[in-house]
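The sequence lines fix the lettering, A, B, ..., with proteins before strands; numbering per chain opens at 1. The figures here come from the full heavy-atom set of this structure, side chains too, leaving out hydrogens, waters and symmetry mates.
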There are 2 protein chains.
Amino acid sequence: MRRILLVIAYDGTNYHGWQAQNDVGAVPTIEGALLTALGQLIPGETPAIIGASRTDSGVHAKGNVATFDTNCTIPTENFPRALNRYLPEDIRIMQAREVPSDFHPRYTPHRKTYEYHIDNARIPDPLKRLYSYSFTYPVDIDRMREAAGYLTGTHDFTSFVNPDSQVFQHGGDAVRTIYLIEIERIGRNQVIDGWSHEEDFEQTDNRENEIVIRISGSGFLYHMIRIIVGTLLDIGVGRKTPSDIPKILDAKDRTKAGPTVPAKGLCLVDLDYSV
Amino acid sequence: MRRILLVIAYDGTNYHGWQAQNDVGAVPTIEGALLTALGQLIPGETPAIIGASRTDSGVHAKGNVATFDTNCTIPTENFPRALNRYLPEDIRIMQAREVPSDFHPRYTPHRKTYEYHIDNARIPDPLKRLYSYSFTYPVDIDRMREAAGYLTGTHDFTSFVNPDSQVFQHGGDAVRTIYLIEIERIGRNQVIDGWSHEEDFEQTDNRENEIVIRISGSGFLYHMIRIIVGTLLDIGVGRKTPSDIPKILDAKDRTKAGPTVPAKGLCLVDLDYSV
């Protein structure tokens, strides 16, 4: 029996999140698609799949991780190519490797890194619409970075969790550690040439004006990153101040933080088990 | 009567190219969607739309240009917001301005800039699949750049045109000027951390390994950019040499050039009328 680890990338647009529903196949999920592909590749076995991160409906991934056990003879390094043949093209196995039989992708300590993409142009770019959140108001990145400083470290993130989170039902707490929050503006501001009127400056097409927020931590709670990003945007537009963050953390009250931004801007980029 | 110029961005994935079919609406086209939106915004008028570039099925745009004439009272600067309300979200009007009544988006001299995106990772990134061509073989960018030098300038591009091009039926020729070809590799090579085995290097996940080819010219023929890119990739993998380019140009024979790469990697990024 081998335990195989898969690194999985997917476009979450057409999926109801990671977790297979009771009636597999009734609603398309990433786990459901993987179970179907494994069943086709290894007809005799019906392995369970353990996912590291059960991403929400609409969330994307470049490097989610899952494991399964198998007795088949397929060489480990052949799994990406073999499974990709059975998977829809919006899900790709990027890597496969054998791991010790006691390796658990969720309980083995690791560092998770997510990116949240914001299209900050005045008019949303149709080529970014599936993978970013269109936020058309001008934002002050420096204020957001200052606020991010208050969120980094170990805190009780109760104010930044959807109250429906199962963690509370199971007697857990909302204390988590954020290692790093990076905020950058990527691409160029581009002016369409050839028009010399004064008002051209108004019509500057800042369509490359994308903001990427990269967050690494030991683990995140239900909607935590999307609420952090919503709060940082509130600060970026001046609706809140950076120094409100310590007060919001202290309040342990979801209503004090900003809105939950849409799933489609979120991407799980990396899980690092070397920590 | 005002002549209005629109700068239009679109995701070409779900459209059969720019040009409206005889039976408007039968097959979704960009022009058809614009005609429908204009008809809804200005009920009394049925203006013709003149597009600068009739992009092929599946080709994307960040800055295509079109004009129409109107007697309506809507302020010019309001057209983007007003039309975007009626357009599907994969088409956006980025700018609108009034132009002289003799301005013709096709016949007024301009510089066209296209980008072709190649996902050069070993396993295609599902998040890039709609907007790039997955080409998994290692390519030598320097050889492609050397080849591009031979294509820049004024040449007879008969070898780089789809023979079905209407230009020949109408007694035209294939002499065109390419101002610039830039080829760059963007993003980082990324190694998934936490695995120390030797073979990890084999499994390097170069999923950020994207190649962008940017081409500017006075005008391009049917499939010309897609055939140029296919030929450059032939050179990048060693199937042809950079010095083959002058021979291919001299041959005036489509069969001497490389394959026509897929439409989905192509994007019309800018039209510059200041030339």
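Residue B:I93 touches chain A through its backbone alone, counting heavy-atom pairs closer than 4.5 Å. Looking at A:P124, the atoms closer than 4.5 Å to chain B (heavy atoms on both sides) sit in the backbone and in the side chain alike. Contact of A:R92 with chain B is made through backbone and side chain together, with heavy-atom distances under 4.5 Å.
The most heavy-atom pairs under 4.5 Å with chain B, out of A:R111, A:H110, A:E89, come from A:E89.
Note: A:Y137 and A:F135 meet the aromatic proximity criterion, with ring centroids under 6.0 Å apart. A ring-centre distance under 6.0 Å is not found for A:Y10 and A:H60.
Here A:I178 contributes atom CD1 and A:I225 contributes atom CD1; the two are 7.5 Å apart, rounded to the nearest 0.5 Å.
Remark: side-chain polar atoms of B:R2 are paired, donor with acceptor, to backbone N or O of B:C72 under 3.5 angstrom.
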